[in-house]
Amino acid sequence: MGNPKAFLTVPRKEAGYRPVHDRIHDFGEVEQTLNTRDRQEQASRCMDCGVPFCHWACPLGNKDPEWNDALYRGEWETAYKLLKKTNPFPEFTGRICPALCEKACVLYHTTGEAVTNRENEAAIAERAFLEGYVTIEHPKRNGLRVAVVGSGPAGLAAANALNLMGYEVTVFEKNEAAGGLLRYGIPNFKLNKKIIDRRISVMEQEGVTFRFNEEFATALSTIDDSSLFTFHSSLSDYDAVVIATGTPVARDLNIPGRELKGVHLALELLSQQNRVLAGMEFSKDERITAKGKDVLVIGGGDTGSDCIGTAHRQGCKSVTQIEIMPKPPVGHNPATPWPNWPVILKTTSSHEEGCTRRWNINTLEFLGENGKLTGVKVQEIDWKPNPEGGRPIMVEKGKPEIIKADLVLLAMGFLKPEHPEYPENVFVCGDAASGASLVVRAIASGLQTAKKVNEYLSKR
Ligand SMILES: Cc1cc2nc3c(=O)[nH]c(=O)nc-3n(C[C@H](O)[C@H](O)[C@H](O)COP(=O)(O)OP(=O)(O)OC[C@H]3O[C@@H](n4cnc5c(N)ncnc54)[C@H](O)[C@@H]3O)c2cc1C
Ligand code: SF4
């Protein structure tokens, strides 16, 4: 344990975000970093609890008390080695994990000031790259080949683990670069794409082969003879296949006016913006931009929040975010007691940049002129308990009203993919298996799947 009394004397200190007036004009990462002394002091607050709930809450089982202790002592390399044992990509989770561990931290429960595990994790990962603790491994090959379809965090975690076990791994990706939603969903202001490139370079040097612009989607959905190898000849070369294709279909809102110019799925905007920042060019007709527009984001979750931050940086006139469900409780929710993840109101860096937020709002119709969106008809609603149990019943409240908008972004989640019955050497992981989730869960799922593939191929 670090400093046994630090939690009594050292308050939680977050690195915080760059000031709004500074960050709003660029897509650079918004989060700042602490100096080394403050970072180590933050790590000293970890009490090494008898039952470490942080460890329990982290889907990767990260051993936060162990690496916090090493960090406190300034043993950065040891801290990285401990972190790497359970998390292959701490530079991703350290930036964008919602930090399930922190909400389960005993200090969060008792004082509301959890140990800054996520930021500590990012600091350890960055120091590891800087000081050369991230070394290139040369695993001994076992002669077996595995194909991974999809290069999001789940596919990358599975590919990385299998490669280090000695399998010859090829990742097939339909996009032009690796990362899945890390690259084409999450905005650069949360995760700079150089961080992904750096990791892909390590994986390539360690022997993983990436094949981009290779799409397997249509074939997967038509598989009907339980032989995966019939639809892509090159897959017959592989001893096992891992499917990590995420949740490609977003939930749409098929109400009158959906066809109007100016109504888009959130990812259409987010992925295009990330591609523009990567240097890709789009014609004026193709380009989706919030510049000078009144933007309405439909959906109150994280994807919606990413749309808000993107709209600000593109120079929107205004942003409103509406959500059909009620406003979550502020601060504490008795329905989700510690150490569970608290379902409470979340205010992100993008919300702080300015946004009108409304809850209990149903969307009725998109309105337009000459084929272009001009506004959205919405209505306030209420939720009444269902006497038969189950989902509450929606009831109308108040009169319909019109929100002026010339850009609508639909951020209402993703459909859970269905999969056919695959042959026994085909494994599904990440969001493709669970439905839309989190990066940390996708990584955990990729690691578990790699273990299953290894068990299967070892038996064979
Ligand atoms: C806008 C947005 C913001 C988010 N922000 C966060 C966040 O801050 N923190 C967090 O923890 N989570 C966040 N998430 C969720 C997180 O990104 C996902 O849970 C995670 O990326 C899922 O990983 P995955 O590998 O299963 O799938 P994905 O990341 O979706 O990757 C799937 C990959 O498979 C490829 N693919 C699909 N079909 C085929 C095919 N047929 N052939 C070849 N390749 C194919 C895709 O192109 C893609 O590269 C966010 C999600 C979105 C949409
Ligand atoms: S991956 Fe997320 S939940 Fe796990 S220790 Fe890191 S910040 Fe916490």
Side-chain angles (χ1 to χ4, degrees), residues 52 54-64 67-68 83 86-87 89-90 92-105 114-122 124-125 147-158 171-187 190-191 211-221 232 242-250 265-267 269-271 274 299 301-307 309-310 341 348 409 411 413-414 417 428-446 449:
C54 52
H55 176 178
W56 164 84
C58 174
L60 289 165
N62 276 353
K63 297 186 173 57
D64 306 44
W67 44 255
N68 272 324
L83 180 53
T86 53
N87 187 353
F89 310 131
F92 301 157
T93 48
R95 284 176 167 78
I96 44 131
C97 187
L100 311 176
C101 56
E102 292 185 21
K103 293 292 189 277
C105 177
V115 176
T116 53
N117 291 326
R118 180 185 58 76
E119 290 187 27
N120 293 358
E121 191 170 317
I124 295 168
V148 175
V149 184
S151 69
L156 290 180
V171 179
F172 294 87
E173 169 55 57
K174 72 173 178 182
N175 282 327
E176 67 278 19
L181 289 172
L182 292 172
R183 188 180 295 273
Y184 296 116
I186 297 174
K190 277 164 64 180
L191 176 69
R211 283 175 53 178
F212 298 116
N213 301 309
E214 293 247 13
E215 160 119 42
F216 284 78
T218 48
L220 284 177
S221 60
H232 196 287
V242 174
I243 300 205
T245 45
T247 50
V249 184
L265 297 172
L267 271 189
L269 173 96
L270 297 173
S271 63
N274 289 2
D302 289 344
T303 302
S305 147
D306 290 346
C307 289
T310 303
W341 175 257
T348 66
L409 300 163
F414 298 85
V428 186
C429 67
D431 282 8
S434 63
S437 186
L438 295 172
V439 169
V440 64
R441 291 210 176 96
I443 297 174
S445 169
T449 301

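In listed order, ligands and their atoms are each counted from 1.
With ligand atoms numbered from 1 in the order given, ligand 1 contributes 5 (N), 7 (C), 8 (O) to contacts under 4.0 Å with heavy atoms of K190. Distances below 4.0 Å separate heavy atoms of D64 from the following atoms of ligand 2: 5 (S). For ligand 1, the atoms closer than 4.0 angstrom to any heavy atom of E215 are 42 (N). Residue F172 approaches ligand 1 through these ligand atoms, each under 4.0 Å from one of its heavy atoms: 43 (C), 44 (N). Remark: ligand 2 atoms within the under-4.0 Å shell around heavy atoms of R118 are 7 (S). Those atoms of ligand 2 with a heavy atom of E121 less than 4.0 angstrom away are 1 (S), 5 (S), 6 (Fe), 7 (S). Near G430, meaning under 4.0 Å from one of its heavy atoms, ligand 1 places the atoms 26 (O). Atoms of ligand 1 found under 4.0 Å from any heavy atom of G180 (numbered from 1 in listed order, with element): 29 (O), 31 (O), 48 (C), 49 (O). Of all atoms in ligand 2, numbered sequentially from 1 with element shown, those under 4.0 Å from a heavy atom of V440 are 1 (S). Atoms of ligand 2 found under 4.0 Å from any heavy atom of T93, numbered from 1 in the order shown, are 1 (S). Below 4.0 Å from some heavy atom of F414 lie the following atoms of ligand 1, by number and element: 53 (C). Heavy-atom proximity to C97, at under 4.0 Å, picks out these atoms of ligand 2: 1 (S), 2 (Fe), 3 (S), 7 (S). In the vicinity of N175, heavy-atom distances shorter than 4.0 Å reach the ligand 1 atoms 47 (O). Ligand-side atoms of ligand 1 in range of L438: 10 (C), 11 (O), 12 (N), 19 (O), range being under 4.0 angstrom from any heavy atom.
Looking at A154, P187, P59 and measuring to atom 24 (P) of ligand 1, the nearest heavy atom belongs to A154. By heavy-atom distance, the residue among T245, L267, L270, T303 lying nearest atom 37 (C) of ligand 1 is T245. Selection from P153, G152, C97 by nearest heavy atom to atom 21 (O) of ligand 1 gives P153.
A heavy-atom separation below 4.0 Å is not found between Y184 and ligand 1. Within the structure, the closest approach of S437 to ligand 1 falls below 4.0 Å when heavy atoms are considered. Using a 4.0 Å heavy-atom cutoff, A244 is listed among the residues neighbouring ligand 1.
Protein heavy atom at the shortest distance from atom 8 (Fe) of ligand 2 is C101 SG, 2.2 Å. What sits closest to atom 4 (Fe) of ligand 2 on the protein, heavy atoms only, is C58 SG, 2.3 Å.
The residue R441 has no part lying near ligand 1, judged by heavy-atom distances below 4.0 Å.
Polar contact check, D302 against ligand 1: no nitrogen or oxygen pair lies under 3.5 Å apart. The shortest N or O to N or O distance between V439 and ligand 1 is under 3.5 Å. Between T247 and ligand 1, a contact under 3.5 Å exists for no N or O pair. At least one N or O atom of I96, backbone or side chain, sits closer than 3.5 Å to an N or O atom of ligand 1.
Put simply, the side chain of S445 never gets that close to the backbone of R441: no donor and acceptor are under 3.5 Å apart. At distances below 3.5 Å, at least one donor-acceptor pair connects side-chain atoms of R183 with backbone N or O atoms of A178. No donor-acceptor distance shorter than 3.5 angstrom exists from the side chain of D64 to the backbone of N117, with no hydrogens or angles considered. Looking at E173, its side chain never comes within 3.5 Å of a backbone N or O of N213 through a donor-acceptor pair.
The closest side-chain heavy-atom distance from L267 to F414 is below 4.5 Å. Looking at heavy atoms from C-beta onward, V148 lies out of side-chain contact with I243 at the 4.5 angstrom threshold. L182 has its side chain within reach of P153: a pair of non-hydrogen atoms, C-beta onward, lies under 4.5 Å apart.
With rounding to the nearest 0.5 angstrom, the CG atom of N62 is 8.5 Å from the SG atom of C97. The line from CZ of F172 to OG of S151 is 12.5 Å long, rounded to the nearest 0.5 Å. Atom SG of C105 is separated from atom CG of L100 by 13.0 Å, given to the nearest 0.5 angstrom. Distance CH2/W341 to CG/L438: 8.0 Å, rounded to 0.5 Å. The distance from the OG1 atom of T310 to the CG atom of L270 is 5.0 Å, given to the nearest 0.5 Å. Rounding to the nearest 0.5 Å places CG of L60 at 10.0 Å from CZ of F89.
Atom 4 (Fe) of ligand 2 has no N, O or S atom of C54 inside 2.8 Å of it.
When V440, I124, T93 are each tested for a side chain to side chain contact (heavy atoms under 4.5 Å, CB included) with N87, only one passes: T93.
At a threshold of 4.0 Å, the pair R118-E121 does not count as salt-bridged, since none of the basic side-chain nitrogens sits closer than that to a carboxylate oxygen.
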**Item:** V242 vs V149, side chain to side chain contact (heavy atoms under 4.5 Å, CB included): CA-CA, chis, key distance, verdict
**Value:** CA-CA 6 Å; V242 174; V149 184; over 6 Å; no
